[in-house]
Amino acid sequence: MANDLRYLRVLSQRFPTISKASTEIINLSAILNLPKGTEHFVSDLHGEYEQFLHVLKNGSGSIKQKIEDEFGNTLSEKDKKTLATLIYYPEQKLGLIQKQEPEIDDWYKITLNRLIKVTCRIASKYTRSRVRKLLSSDFSYVFEEIIFESNPNGDKIQYYNSIIASIIATGQAPRCIIELCKTIQRLAVSHLHVLGDIFDRGPGPHIIMDTLMNYHSVDVQWGNHDITWMAAASGHPACIAVILRFAARYGELDILEDGYGINLVPLLRFVMATYINEPGPKFNIHYNKNTYNLSDMDSDKRIQKAMAIIQFKLEGQIIKNHPEFHMEDRLLLDKINYEDGTITIDGKTYPLNDTDFPTIDPADPYKLTEEESNVMDRLVTAFTHSEKLKKHVRFLYDKGSLYLVYNNNLLYHGCVPFDEDGNMIKVQIGDKHLYGRCLYNELDRLCRQAYYSSPGPQKTYAQDIMWFIWCNKNSPLFGKDKMATFERYFIDDEETWVETKNPYYRLIEKEEIVNKILEAFELDVETAHIINGHVPVKTEESPVKCNGKLMIIDGGFAKAYQKTTGRAGYTLIYNSHSIFLAAHKPFASQEEAILNEDDIHSDQITVEKFPRRRLVNDMDNGELIRDQIADLTDLLQAYRDGLIRESYVD
């Protein structure tokens, strides 16, 4: 009782009177009965920032649906498309319309009224204070008036019309239109979930990260590609090598140089002096023909090969230092016959398509040369001192985790490792053997230790664990028996390229397996869902498993996957009425979306439609609010029992 009373005295500092505590109880009780906010789930963005920004702006079709709900057949399809495009890209679209529209003031009046109607429809599920927080500070008073007093049949119709007229007369219509569009975007989605793999392949992961940092409400479940960047920011050499190899392979080294200010000149000098011969055929650059500078191709090929060799060396050192990782099959540099240009794997000998290894000592193949060591030392310094990379990685740690349980949904990027018999695999981490939720929790802890702990053996081990998460067969973020990078580069026989998926990806077709996962994470098997990224879903495959209990939402944002998947990504919407998947068409460009008013949302797959509208009271936040109401009720009783005095401030 003494502890409870101390807590109530602290609470009384925020609510010093019976009146204030009662008012807050009334407010919170009302919030419980509002519709739940819309959650938006995206995954595997892979640096494709233009497509991501479009999906973010249109809320995977949520805004288009609100326009349809508001106007129905009262607006033409052309007008609805124009209004939607304006909301997505207000500055750019407004600029085009201003050049084309002869009666611009009339257009302003019509458009402001339409935008206000859409805003009112979306804002109706939020409290006035919540809407106020999302309004532009420059126009908050005006917007609040027109949003909450915009009944055209009410007593304030003249007052309302005079506000619109004054906005136009004072030349503020363009700014108001832009800010209303941005307000609609913010209100359309209450919370964003990013299920991993922000980085690698595409041209703008840093742009995506800047966008997420400015988003009003977001969380991130780390993907295996994100893990390498987080480890690299902590100074882990092998993960730095992985990142550089990827960036060179996809012609995106400018992300590191221009995006993160990492000096690659020492690397380029080393490569051009050491890798004199043309790299093998598998080191071709997978470039974007619209943006890539072809004059960089020769150096990018050489950088790609140099970083691949350094990566294999550094990974070999990690594997030798950690026999508990059980990755001896990935020690391949010592399996090469450097005289006849072959390699023996699992008792079978294959010819190599590239036998130029200027930095490998056959007697000690995993040792870096002095030049390689110098280059890596400088790269480690550059990565650990990049202020922008620090900012982005700290955001990932602050808003991110390996998994998340949110509103009765289990979110993770990869998998829960299983054996062929349908049992969760026990994975050795240090002196522990862990599986399921315990495995995820321990790996999450070590990821944080890798970045935040002081230099020493603990930090080094934690950094190596992050590399383990990137590519180990028992990693929940990888989920394959091997990462066949060496084979794909140096061996033409495609049988060596095969990366067999963990049984998880076959077993999740069985409801008892999905139930086993939900139980391991302490969720209700009758009502909970698993939302999963990582694996591109082909057109002929269903992203929905076990009657909606599990959904895979990576359909291929990355252009590299779209030939295989036939789509440009799945996203998920969970609103107060239903849960549905949105399948997206490939995205041409922002310019085409603005000029042609093309939207990339194509098909909807309804996963679950609720018999009644879901409220805040049904969500995790509802439980928190009920706890707050209980505490405030106790405070009221303490006031009335004379245990705590009210405090009046003049």
Side-chain angles (χ1 to χ4, degrees), residues 53-54 57-59 61-124 126 128 131-132 134-188 589-599 601:
L53 293 179
H54 187 84
K57 289 172 184 292
N58 77 1
S62 295
I63 289 175
K64 187 177 179 181
Q65 186 60 53
K66 293 296 182 184
I67 292 172
E68 187 63 36
D69 292 343
E70 180 61 33
F71 297 106
N73 295 325
T74 64
L75 279 186
S76 69
E77 289 302 314
K78 175 69 171 69
D79 283 345
K80 284 187 278 191
K81 286 178 72 174
T82 299
L83 184 60
T85 306
L86 176 68
I87 293 170
Y88 306 156
Y89 301 102
E91 294 97 337
Q92 300 92 326
K93 190 65 178 177
L94 184 59
L96 290 175
I97 290 171
Q98 286 171 327
K99 293 175 183 177
Q100 299 166 356
E101 181 58 56
E103 301 295 335
I104 194 65
D105 282 357
D106 289 344
W107 183 87
Y108 285 151
K109 182 178 180 180
I110 292 168
T111 301
L112 281 167
N113 277 284
R114 288 174 178 173
L115 289 173
I116 289 164
K117 287 181 178 179
V118 176
T119 306
C120 290
R121 178 169 285 272
I122 295 178
S124 64
Y126 298 110
R128 190 164 184 153
V131 173
R132 187 184 299 122
L134 295 175
L135 294 174
S136 165
S137 58
D138 290 342
F139 297 103
S140 58
Y141 171 75
V142 172
F143 284 173
E144 194 172 343
E145 287 294 298
I146 59 180
I147 289 170
F148 290 100
E149 302 293 347
S150 57
N151 181 1
N153 299 314
D155 295 334
K156 288 190 174 182
I157 183 64
Q158 189 173 350
Y159 169 73
Y160 167 73
N161 287 336
S162 70
I163 292 177
I164 301 296
S166 296
I167 288 172
I168 297 170
T170 57
Q172 295 302 302
R175 286 187 63 202
C176 277
I177 287 171
I178 290 168
E179 292 304 325
L180 271 173
C181 290
K182 292 180 177 179
T183 298
I184 290 168
Q185 288 183 33
R186 289 191 288 267
L187 288 170
S589 69
Q590 177 181 297
E591 183 180 5
E592 286 195 26
I594 295 166
L595 289 174
N596 301 328
E597 300 181 346
D598 288 336
D599 213 340
H601 170 251

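Predicted model, so just to flag it, every value in this text is computed and none were measured.
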- Which is it for D105 and K109 under the side-chain contact (heavy atoms from CB on, under 4.5 Å) test, yes or no, and what are the steps along the way? CA-CA 6 Å; D105 282 357; K109 182 178 180 180; over 6 Å; no
- Under the 3.5 angstrom rule, does the side chain of K80 hit a backbone N or O of N73 as a donor-acceptor pair? no
- Item | Main-chain N/O of I87 paired to Q185 side chain as donor or acceptor, under 3.5 Å | yes
- What are the two closest heavy atoms between Y88 and K57, and how far apart are they? O-CD, 2.9 Å
- Minimum-distance pair of heavy atoms, taken over all atoms of C181 and L86: SG-O, 3.5 Å
Rounded to the nearest 0.5 Å, what separates atom [atom1] in [X] from atom [atom2] in [Y]?
{"X": "I63", "Y": "T85", "atom1": "CD1", "atom2": "OG1", "value": "11.0 Å"}
{"X": "E103", "Y": "I110", "atom1": "CD", "atom2": "CD1", "value": "10.5 Å"}
{"X": "Q92", "Y": "L94", "atom1": "CD", "atom2": "CG", "value": "10.0 Å"}
{"X": "R186", "Y": "T119", "atom1": "CZ", "atom2": "OG1", "value": "10.5 Å"}
{"X": "H54", "Y": "N58", "atom1": "NE2", "atom2": "CG", "value": "4.5 Å"}
{"X": "T111", "Y": "I116", "atom1": "OG1", "atom2": "CD1", "value": "10.5 Å"}

- Query: Just checking, is any N or O donor in the side chain of K66 or S62 under 3.5 Å from an acceptor N or O on the other one?
  - Reply: no
- Message: Could you tell me if Y108 and Q172 have a donor-acceptor pair between their side chains, going purely by distance under 3.5 Å?
- Response: no
- Task: Dump the intermediate steps for side-chain contact (heavy atoms from CB on, under 4.5 Å) on E101 and D106, then the final yes or no.
- Result: CA-CA 9 Å; E101 181 58 56; D106 289 344; over 6 Å; no
- Less than 4.5 Å apart, any side-chain heavy atom of F71 and any of D79? no
- Item | Side-chain touch Q98/W107, heavy atoms, less than 4.5 angstrom | no
- Query: In chain order, what residues pass the side chain to side chain donor-acceptor pair (under 3.5 Å) check against Y126, with sequence neighbours excluded?
  - Reply: none
- Evaluate whether atom CD of Q100 has more than 12 neighbouring non-hydrogen atoms of other residues, nucleotides or ligands under 6.0 angstrom away. yes
- Task: Go through the steps to decide whether L112 and I168 satisfy the test side-chain contact (heavy atoms from CB on, under 4.5 Å), and finish with yes or no.
- Result: CA-CA 10 Å; L112 281 167; I168 297 170; 4.1 Å; yes
- Identify whether the distance between the nearest side-chain nitrogen and carboxylate oxygen of E70 and K117 falls below 4.0 Å. no
- Could you give me the CA-CA distance, side-chain angles and deciding distance for L75 and R114, then say whether side-chain contact (heavy atoms from CB on, under 4.5 Å) is met? CA-CA 10 Å; L75 279 186; R114 288 174 178 173; 3.1 Å; yes
